[in-house]
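Below is one structure; the comments refer to it alone.
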Amino acid sequence: MRIVVLAGGLNTERDVSLVTGSMVSDALRRRGHQVLLLDVFMGCGRAGDNLEEIFEKSSETSLRVTGVPDTAPDLAQIRAQREDQSDCFFGPNVISLCKMADIVFLALHGENGEDGRIQAVFDLFGIRYTGSNYLSSGIAMNKKLAKQFFAANGIPTPCGISMKKSECTAGFAQTGMTLPCIVKPCRGGSSVGISIVHTPDEYETALNEAFRWEDEVIIESYIQGREFSIAVIDSKAFPVIEIAPLEGFYDYKNKYKPGSTIETCPADLPAETAAKMQNYAVAVAKVLGLDTYSRVDFMLSEDNQIFCLEANTLPGMTPTSLLPQEAKAVGMSFEDLCEKLIQLSLRP
């Protein structure tokens with residue numbers, strides 16, 4: 001098949017997305033596909049270029065990617081590097097190349113990737129793509145909406161509130177929340193902009209950090225305990241994986257710097273607890289309409305209560321990502337995983 005692996009973009013998860021795209025591209029090439037790794041924002045060449053043989057020469061024309069840096073990218077610097085300096089989100093030839101492909105593997109993360117907007121554009125162009133539809137993607141990406149869906153369907157989630165920058169409450173006492181709490185961007189990913197707040201003085205700093213990335217934030221109760229994640233593919237839960245950072249919490253550095261986090265799959269949990277958590281993960285995918293694949297994150301409190309944090313509609317596929325580790329635990333190679341996601345997405 002002709003496959004475009006679409007990665008990059010212009011958000012805080014750009015570097016992670018590029019590494020996901022590089023690994024997926026390599027895996028699909030090993031399966032004999034003609035694969036073009038494409039940066040959705042930078043595009044390929046210039047408008048009007050001859051694209052006739054680009055898939056046949058994809059190993060030469062594909063993007064070259066290095067690893068994930070310790071910090072989120074400088075988006076202003078990235079924007080300045082684009083040759084045509086267009087205001088269009090899609091770089092030169094992106095739509096044309098995606099229309100030429102049999103399917104687009106979405107290796108995008110975060111804003112303009114997981115939030116449904118690209119999926120909606122592709123639906124209008126008749127472009128096939130991996131993952132969930134635009135509506136389910138948009139709901140899952142918005143943590144405020146997702147939490148409302150969880151609560152309405154009996155899926156336990158930390159209590160919390162949302163706040164827009166224009167309605168910002170500077171004093172913590174006015175929020176009605178208790179300490180400690182979590183402050184995080186409403187639609188962000190990779191733990192960028194997240195803070196754990198222990199004192200009222202830390203609250204203002206945490207707000208400023210979260211609002212640096214978005215105009216709406218979530219303030220929710222901090223759950224002291226163990227962190228877990230579960231992939232759901234084709235309505236079936238994979239084994240539970242436990243995430244235990246060596247220092248601090250599961251932030252950007254601990255997610256993507258090898259050796260920063262101990263990940264155990266299957267997790268050391270009583271069978272009953274693991275099964276209950278897996279059932280919640282399948283329920284999350286169902287209520288949000290995530291019909292192809294997703295990954296759901298949980299906390300298990302010190303008194304063994306399960307709390308669902310969020311759902312990821314396009315989970316990472318980097319060397320430290322959780323989904324490939326869960327697949328490996330059930331005997332599925334990385335190549336098999338990529339191929340399965342494509343086949344599921346091509347179903348009528």
Leu309 and Pro158, any side-chain heavy atoms less than 4.5 Å apart: yes

Has Arg82 got its NZ or CZ under 6.0 Å from the middle of the six-membered ring of Phe41, at an angle within 45 degrees of the ring axis? yes

Would you call Lys164-Glu167 a salt bridge at under 4.0 Å N-O? no

Between Asn133 and Ser136, do the side chains contain an N or O donor and an N or O acceptor separated by less than 3.5 Å? yes

Cluster link Ile127 to Phe89, ILVMFWY, side chain under 4.5 Å: yes

Gln119 side chain vs Gly131 backbone, donor-acceptor pair below 3.5 Å: no

Quick one: are Thr175 and Met163 in side-chain contact, heavy atoms under 4.5 Å? yes

Of Leu6, Val5, Leu97, which is the lone residue that meets side-chain contact (heavy atoms from CB on, under 4.5 Å) with Leu36? Leu97

Can you tell if the side chain of Ile223 reaches within under 4.5 Å of the side chain of Gln305, non-hydrogen atoms only? no

Taking every non-hydrogen atom, the tightest pair across Ala210 and Val217: CB-CG1, 3.4 Å

Minimum-distance pair of heavy atoms, taken over all atoms of Asp84 and Pro92: OD2-CG, 3.6 Å

If you apply the rule side chain to side chain contact (heavy atoms under 4.5 Å, CB included), what do you find for Leu337 with Met317, and how did you get there? CA-CA 10 Å; Leu337 174 61; Met317 304 277 270; 3.8 Å; yes

Measure the spacing between CZ of Arg212 and CG of Asn208 and express it to the nearest 0.5 Å. 10.0 Å

Is there a path of hydrophobic side-chain contacts, each under 4.5 Å between heavy atoms of I/L/V/M/F/W/Y residues, joining Leu341 to Val19? yes

Nearest-0.5 Å distance that lies between atom CD1 in Ile243 and atom CD in Glu263: 7.0 Å

Quick one: pull up CE in Met141 and NE2 in His109 and give me the separation to the nearest 0.5 Å. 10.5 Å

Are more than 12 heavy atoms from other residues, nucleotides or ligands located less than 6.0 Å from atom CZ of Phe211? yes

Minimum heavy-atom separation for Cys265 to Gln325, with atom names? SG-O, 4.3 Å

For Gln81, look at atom CD and say whether over 12 heavy atoms of other residues, nucleotides or ligands are found less than 6.0 Å away. yes

Pairwise distance NZ(Lys184) to OG(Ser162) - rounded to 0.5 angstrom: 12.0 Å

Distance-only, no hydrogens or angles: does the Glu339 side chain make a donor-acceptor pair with backbone N or O of Glu335 under 3.5 Å? no

Can Tyr129 and Asp123 be counted as having a side-chain donor-acceptor contact under 3.5 angstrom? yes

Quick one, Leu346 with Met1, criterion side chain to side chain contact (heavy atoms under 4.5 Å, CB included). Give me CA distance, side-chain angles, the key distance, then yes/no. CA-CA 12 Å; Leu346 285 172; Met1 282 192 291; 3.8 Å; yes

Side chain proximity check, Val35 to Phe105, heavy atoms < 4.5 angstrom: no

Spacing of OG belonging to Ser137 relative to CG belonging to Leu288, to within rounding of 0.5 Å: 10.0 Å

Compare every heavy atom of Phe55 with every heavy atom of Ala101, then report the nearest pair and how far apart it is. CB-CZ, 4.0 Å

From the list Leu269, Thr264, Leu300, side-chain contact (heavy atoms from CB on, under 4.5 Å) with Val240 holds only for Leu269

Would you mind checking if Lys147 and Glu220 are paired as a salt bridge, meaning a charged N to carboxylate O distance below 4.0 Å? yes

To the nearest 0.5 Å, how far apart are CZ in Phe307 and CE in Met299? 9.5 Å

Evaluate whether atom CG of Asp268 has more than 12 neighbouring non-hydrogen atoms of other residues, nucleotides or ligands under 6.0 angstrom away. no

Under 3.5 Å, is there a donor on one side chain and an acceptor on the other for Asn11 and Glu13? no

Result of checking Gln343, Lys340, Arg347 against Asp234 for side-chain hydrogen bond (donor to acceptor under 3.5 Å, both in side chains): Arg347

Is the number of heavy atoms from other residues, nucleotides or ligands under 6.0 Å of Gln85 CD greater than 12? yes

Where the side chain of Asn93 meets the backbone of Arg46, is there a donor-acceptor pair that is under 3.5 Å apart? yes

For residues Met100 and Leu51, report the shortest heavy-atom separation together with the two atoms involved. CE-O, 3.4 Å

Would you mind reporting whether Lys276 and Ile306 have side-chain heavy atoms less than 4.5 Å apart? yes

Report the C-alpha distance between Lys286 and Asp291 in whole Å, list the side-chain angles of each, state the deciding distance to 0.1 Å, and finish with yes or no for salt bridge (Lys or Arg N to Asp or Glu O under 4.0 Å). CA-CA 7 Å; Lys286 183 177 180 180; Asp291 57 358; over 6 Å; no

Does Val282 share a hydrophobic cluster with Tyr280, counting links as ILVMFWY side-chain heavy atoms below 4.5 Å and allowing steps through other members? no

Check whether any side-chain heavy atom of Val40 sits under 4.5 Å from a side-chain heavy atom of Asn112, and report yes or no. no

If two hydrophobic side chains count as joined below 4.5 Å and joins carry through other members, does Phe150 share a cluster with Ile219? no

Just wondering, are more than 12 heavy atoms of other shown residues or ligands nearer than 6.0 Å to CZ in Phe334? yes

Side-chain donor/acceptor of Ser17 to backbone N/O of Ala107, under 3.5 Å: yes

Any donor-acceptor pair under 3.5 Å linking the side-chain atoms of Asp201 with those of Thr199? no

Step by step, would you call Ser229 with Phe298 a side chain to side chain contact (heavy atoms under 4.5 Å, CB included)? CA-CA 6 Å; Ser229 193; Phe298 294 93; over 6 Å; no

Within one Ile-Leu-Val-Met-Phe-Trp-Tyr cluster: Leu135 and Ile118, side-chain cutoff 4.5 Å: no

Would you mind telling me which of Ile233, Ile241, Asn312, Leu314 makes a side-chain contact (heavy atoms from CB on, under 4.5 Å) with Leu323? Ile233

Side chain to side chain contact (heavy atoms under 4.5 Å, CB included) for Asn142 and Cys186? Distances and angles first, verdict last. CA-CA 6 Å; Asn142 186 311; Cys186 184; 3.3 Å; yes

Any side-chain heavy-atom pair from Ile78 and Met42 closer than 4.5 angstrom? yes

Going by an N to O cut-off under 4.0 Å, is there a salt bridge joining Glu326 and Arg295? no

Is there side-chain contact between Ile342 and Thr130, with heavy atoms separated by less than 4.5 Å? yes

Salt bridge Arg117-Glu111, side-chain N to carboxylate O under 4.0 Å: yes

Contact summary for Arg29 and Leu37, nearest pair of heavy atoms: NH2-N, 4.2 Å

In plain terms, say whether Arg187 and Glu216 are close enough for a salt bridge, that is, a side-chain N and a carboxylate O under 4.0 Å apart. yes

